[in-house]
Amino acid sequence: MGQLAIDYHGSGVFRPREYDPDPPAAGEVQIAVAYTGICGTDLTISHGGMDGRVKEPWPIGHEMSGTIAEIGPGVDGWSVGDKVTVMPLDWCGACPACMAGNTHICHRLNFVGIDSPGSLQDRWNVRAEWLVRLTDGLGLRDGALVEPVAVAVHDVRRAEVGDGDRVVVIGAGPIGLLIGTVARSRGAEVLLSEIAPSRLALAAELGFPAVDAAAESLGDAVDRWTDGAGADVAFEVSGSKPGVRAVTDVLRRRGTGVIVGIQPEPPPVDLFQVFWKELGIIGARVYQRPDFEEAVRLVADGAIPVDDMVSDVMPLADTARAIERLDRGEDLVKLLIASGSSRSER
């Protein structure tokens, strides 16, 4: 029997496919995929929201871990059996952003797993320069969380969060919880805002003070928390219009608002408060290699509550059902898809 892949066909349709993998080309390695995490971007794809980017049936998926199964010609520094994840960014190297050193926001960025085939398959050929090494003591299940942790590391680094900062995170989904965790690891005091009871409960279990934004004003709660000063940094992770409005409400004078959540439509922003408080509003998108390296360290050191984050693991053949579960709004934080090579670790 060949290897299994789950191809996305557009309009929310996922179909299994058996295949015999091609050997890795020059400069490539073949990864025996262990785990793939399903995230909000994958749900957007499943709703047809990125059908213009997934141009033909292929596997999606970009949060992953695995081991090197085969090495193509011209690849040095890697061995069969090495545990890896992938930084899924392929940039052109010639556009203004790349020439300025900002390759992660390349004008022609290929986000691997969306714009080109991803990790929802048993064997995956990738370019060696995309690889990020997982440390010896880091298990493959935990390694699948490195990519979303790298998102959080990048967000916190963009905001220059430091020791003693008061940080508000609006939206306590997986990325919001990770941002809170990374900020706390840097000595910040963190307050989470959420409306879903299950996420509020998890935030409390993880030791975060949390505000039920459906029951009370986040602005009033932050005033109490900061004695009227306002937060140093506010991360908008909910992707909602009320979340964007709350950013300018809760920040102190010269505070920093960070837009992380993807907005389906351009939301209104209270520019009077931006002017009046001299606020800084910045965006934070994907990550750079130092963010991945820091994420590997944080996960390996146990700073990330992986056992609380991973709600369930399902087999690759059940990918469509896994996405349906997330779509229904079940009380899941992070759901992992297990490919063939992960069976020994499950």
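- For the pair Arg17 and Trp58, the cation does not sit on the ring face, since its NZ or CZ is not both under 6.0 Å from the ring centre and inside 45° of the axis.
- The distance from atom CD of Glu70 to atom CD of Glu28, rounded to the nearest 0.5 Å, is 10.5 Å.
- Across Thr36 and Gly61, no two heavy atoms sit closer than the pair CG2-CA, 4.1 Å.
- Remark: Arg108 fails to qualify as a cation-pi partner of Trp91 under the 6.0 Å distance and 45° angle criteria applied to the six-membered ring.
- Taking CD from Gln30 and OG1 from Thr67, the interatomic distance works out to 10.0 Å, rounded to the nearest 0.5 Å.
- Under the salt bridge (Lys or Arg N to Asp or Glu O under 4.0 Å) criterion, Glu330 pairs with Arg325, Arg328, not counting sequence neighbours.
- A salt bridge between Arg53 and Asp115 is present, with a side-chain N of the basic residue lying under 4.0 Å from a carboxylate O of the acidic one.
- Judged as a side-chain hydrogen bond (donor to acceptor under 3.5 Å, both in side chains), and not counting sequence neighbours, Thr44 has no contacts.
- Note that the CZ atom of Arg289 and the CD atom of Glu294 stand 14.5 Å from one another [nearest 0.5 Å].
- Between atom CG of residue Leu89 and atom NE2 of residue His104 there is a gap of 8.5 Å, rounded to the nearest 0.5 Å.
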Inset, instruction - Please step through side chain to side chain contact (heavy atoms under 4.5 Å, CB included) for the pair Leu134 and Val146, ending with a clear verdict. - result: CA-CA 9 Å; Leu134 300 180; Val146 165; 4.0 Å; yes
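- Between Asp163 and Arg186 there is no salt bridge, since no side-chain nitrogen of the basic residue lies less than 4.0 Å from a carboxylate oxygen of the acidic one.
- Contact record, Ile105 with Ala97: O-CB, 3.6 Å, taken as the closest heavy-atom pair.
- In this structure, CD1 in Ile175 is found 7.5 Å from CG in Asp155, a value given to the nearest 0.5 Å.
- By the 30° and 60° cut-offs, the orientation of the rings of His62 relative to Phe111 is perpendicular.
- Between Asp122 and Tyr19, the closest heavy-atom pair is N-OH, 3.6 Å.
- Of all heavy-atom pairs between Val237 and Gly176, the closest is CG1-N, 3.8 Å.
- Separation of atoms CZ (Arg297) and OG (Ser185) is listed at 7.0 Å; rounding is to 0.5 Å.
- Qualifying side-chain hydrogen bond (donor to acceptor under 3.5 Å, both in side chains) partners for Glu56, counting only residues two or more places apart in sequence or in other chains: none.
- The number of heavy atoms from other shown groups lying within 6.0 Å of CD (Glu160) does not exceed 12.
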